[in-house]
2 protein chains.
Amino acid sequence: MDTRTLCLAILQKGAASGYEIKKKLEEMPYRIFQEVGFGSIYPALNRLLEAGHVTVQAQAQRKRPDKKVYAITANGRQELEGSLLHPPAQDRFRSDFLFVLFHSELLAHEELADLFDTRITELKSTIDQMHACDLSGASPGARFVHGYGLTYYENALDYLCTHREWLLDETEARRQTTSATWCPEVSSTVPGGDR
Amino acid sequence: MDTRTLCLAILQKGAASGYEIKKKLEEMPYRIFQEVGFGSIYPALNRLLEAGHVTVQAQAQRKRPDKKVYAITANGRQELEGSLLHPPAQDRFRSDFLFVLFHSELLAHEELADLFDTRITELKSTIDQMHACDLSGASPGARFVHGYGLTYYENALDYLCTHREWLLDETEARRQTTSATWCPEVSSTVPGGDR
DNA sequence: GATGTATATATCAATCTGATATATGCATCC
DNA sequence: GGATGCATATATCAGATTGATATATACATC
């Protein structure tokens, strides 16, 4: 979803500055399905201004820099609702972690093991944070997306834990027999289904 | 991962044209963790040429346009291996589908139901395709990533199937009681954990 | 004083996105 | 027969995004 639509979605819930919009988009559950930087937020807000989808009001603050608070217009609400009616674009997923694992043979055993352990630690931390989220005032949509994200992280953690040794061992074996047709012993957690 | 590194990864397995590189990146298991367009492949190949990480040879073809076949250099291999040693960047996931579900209250009941059904159909098709993949010659890394992706799709399908009715019903109830503090009956598949 | 953090707005070079253009063939349809 | 569509190929473009940086008002720490 383009940055304009994301800003409209946040502003639909209440007026906010560019900085506040970014902060909200970094929280759960937005964080599960979107990511956006200042470099695209401010140009997007300016485009929304030009299109009459938002208005802006400068505010002075004590002990803090001035801020510009943006509010959605009726046109902006219409625009947001219109974009929800389009068939959603394909999900987009990019993972340098999986790219590196795909090339496991080019990595040393220890480096590969470290990658796993770092990612497993991160996943556990994310899952803990998500379990601590207070969803008491959340909409059905928010709860659903939260649950979707949590399920993903839990399953990813489970997959990494149950297949870590397999990849380390297979990669080691492959490295030692790169030209052989050796068929390794099949274990119960062999990825790729039947052999 | 930037497009140059992706191109080097493909060329490491054998020389290829820009078009062939894109085709390979669209296949499993690359498709699970990366996506890239011609608009970035050709400039990336040109930059790799300038850097001496690839060489290029033009080839005429019968009944087809000429093609330019790129091959990785020793410098290019070093570059690829070097990039595998950096800590991987954070995974990036964007989903318009989840964005729309997050705003379920702004959609009509039928529209919401259609979204679910379309996605469920797509997921089943993807899972079928992945089950039909021949992994007999695949590397451990490729098998691992394939398994990771398949697990994700299967779990996403499961989550959608088990929570579809919940979101439709909750959203409907919320729409009818938007200012109430009504507490709905808790079912065994309520997302968001404890209430 | 330098460094770091938080709140704020803004910008920039490099890269990517989605679409489009062009070219060589072949197949199908009205 | 011409238009349309597909596949194989290379290339480009306007708009958008990315990651970093700059600037400003405060405050805290070393």
Side-chain angles (χ1 to χ4, degrees), chain A residues 1-8 10-11 15-27 33-51 53-54 56-70 83 86-94 96 99, chain B residues 1-8 10 15-27 33-51 54 56-70 83 86-94 96 99:
Chain A
M1 203 55 79
D2 69 277
T3 308
R4 276 172 297 184
T5 308
L6 290 175
C7 291
L8 289 177
I10 298 291
L11 294 176
S17 67
Y19 183 85
E20 284 161 353
I21 290 170
K22 184 166 193 293
K23 283 301 174 186
K24 287 190 196 300
L25 286 170
E26 283 169 358
E27 289 167 4
F33 60 86
Q34 293 297 339
E35 191 175 352
V36 66
F38 286 125
S40 48
I41 288 185
Y42 289 110
L45 285 171
N46 288 331
R47 295 196 301 270
L48 288 172
L49 262 183
E50 287 163 14
H53 293 146
V54 299
V56 64
Q57 192 157 28
Q59 288 184 8
Q61 297 188 101
R62 279 177 26 94
K63 297 192 176 184
R64 286 181 178 167
D66 297 356
K67 71 178 173 182
K68 295 161 83 164
V69 178
Y70 296 84
S83 56
H86 293 143
Q90 292 277 75
D91 288 0
R92 287 192 276 183
F93 178 63
R94 293 184 162 190
D96 288 1
F99 175 85
Chain B
M1 201 59 78
D2 70 278
T3 307
R4 274 172 300 183
T5 309
L6 290 175
C7 291
L8 289 178
I10 298 291
S17 66
Y19 183 86
E20 284 162 352
I21 290 171
K22 186 171 191 289
K23 284 301 175 188
K24 286 189 196 304
L25 287 170
E26 284 170 357
E27 290 166 6
F33 60 88
Q34 293 296 340
E35 192 176 351
V36 66
F38 286 125
S40 48
I41 288 184
Y42 290 109
L45 284 171
N46 287 330
R47 294 195 301 270
L48 288 171
L49 259 184
E50 286 162 17
V54 301
V56 65
Q57 192 156 29
Q59 288 183 11
Q61 297 187 98
R62 280 176 27 92
K63 299 191 177 185
R64 286 181 180 167
D66 295 358
K67 71 178 174 184
K68 295 163 80 165
V69 177
Y70 296 83
S83 56
H86 293 142
Q90 292 279 77
D91 289 1
R92 288 191 276 182
F93 176 65
R94 294 186 161 190
D96 289 359
F99 175 84

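Just so we're on the same page: letters track the sequence lines, and every chain starts at 1.
The distance between atom CG of A/Asp2 and atom C1' of D/dA14, rounded to the nearest whole Å, is 15 Å. We find that NZ of B/Lys67 is positioned 16 Å from C1' of C/dA23, with the value rounded to whole Å. Taking atom CD of residue A/Gln34 and atom P of nucleotide D/dT17, one finds them 11 Å apart after rounding to whole Å. Remark: P of D/dT8 and NZ of B/Lys23 are 6 Å apart, rounded to the nearest angstrom. B/Ile21 has its CD1 atom 15 Å from the C1' atom of D/dT8, to the nearest Å. Here the P atom of nucleotide D/dA11 and the NZ atom of B/Lys22 are 16 Å apart, to the nearest Å. Atom CZ in B/Arg4 sits about 12 Å away from atom C1' in C/dC16, given to the nearest Å. Taking atom CD of A/Gln59 as the reference point, atom C1' of C/dT9 lies 14 Å away to the nearest angstrom.
For B/Tyr19 and D/dT8, the shortest distance from a side-chain N or O to OP1 or OP2 is below 4.0 Å. Between A/Thr3 and D/dT17, a side-chain N or O to OP1/OP2 separation shorter than 4.0 Å is present. Remark: A/Arg64 is not in phosphate contact with D/dT25, judged by side-chain N or O atoms under 4.0 Å from OP1 or OP2. The phosphate of C/dT7 has neither OP1 nor OP2 within less than 4.0 Å of any side-chain N or O from A/Gln61. Residue A/Arg62 has no polar side-chain atom (N or O) positioned under 4.0 Å from OP1 or OP2 of D/dT25. Between B/Arg94 and C/dT17 there is no side-chain N or O to OP1 or OP2 distance below 4.0 Å. At D/dT8, none of the side-chain N or O atoms of B/Ser17 fall inside 4.0 Å of OP1 or OP2 (strictly under the cut-off).
A search for side chain to side chain donor-acceptor pair (under 3.5 Å) contacts involving A/Thr5 returns A/Asp2, not counting sequence neighbours. With sequence neighbours left out, A/Phe93 forms a ring pair (Phe, Tyr, Trp, His ring centres under 6.0 Å) with no residue at all. With sequence neighbours excluded, no residue satisfies side chain to side chain donor-acceptor pair (under 3.5 Å) with A/Gln61. B/Asp91 pairs by the side chain to side chain donor-acceptor pair (under 3.5 Å) definition with A/Ser95, A/Arg119, not counting sequence neighbours. With sequence neighbours excluded, the residues that form a side chain to side chain contact (heavy atoms under 4.5 Å, CB included) with B/Ala15 are B/Val69, B/Ala71.
Positionally, the nearest nucleotide of DNA chain D for B/Tyr70 lies more toward the 5' end than for the other of B/Tyr70 and B/Arg92.
Taken from CE in B/Met1 to OG in B/Ser83, the straight-line distance is 5.5 Å, to the nearest 0.5 Å. Between the CD1 atom in B/Ile10 and the SG atom in B/Cys7 there is a gap of 8.0 Å [rounded to 0.5 Å].
By the 6.0 Å contact criterion, CD on A/Gln59 is enclosed, its count of non-hydrogen atoms from other residues, nucleotides or ligands being greater than 12.
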Return the polar atom pairs (N/O with N/O) between nucleotides 27-29 of chain D and the protein under 3.5 Å, or none.
| residue | atom | partner | partner atom | Å |
| --- | --- | --- | --- | --- |
| D/dC27 | OP1 | A/Lys63 | NZ | 3.4 |

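Side chain of B/Pro65, nearest nucleotide from D/dT17, C/dT9, C/dA23: C/dA23. Here the nucleotide nearest the side chain of B/Lys68, chosen from C/dT7, C/dC16, D/dT10, is D/dT10.
Contacts between residues 37-47 of chain B and DNA chain D, defined by a heavy-atom separation below 4.0 Å, involve B/Phe38, B/Gly39, B/Tyr42, listed by number.
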Show me the side-chain donor-acceptor pairs of residues 19-26 of chain A shorter than 3.5 Å, one per line, residues at least two apart or across chains.
| residue | atom | partner | partner atom | Å |
| --- | --- | --- | --- | --- |
| A/Glu20 | OE1 | A/Ser17 | N | 2.9 |
| A/Glu20 | OE1 | A/Ser17 | OG | 3.4 |
| A/Glu20 | OE2 | A/Lys67 | NZ | 2.9 |
| A/Lys22 | NZ | A/Glu26 | OE2 | 2.4 |

For residues 34-41 of chain B, please give each side-chain donor-acceptor pair under 3.5 Å, one per line with the distance, not counting sequence neighbours.
| residue | atom | partner | partner atom | Å |
| --- | --- | --- | --- | --- |
| B/Ser40 | OG | B/Gly37 | O | 3.2 |

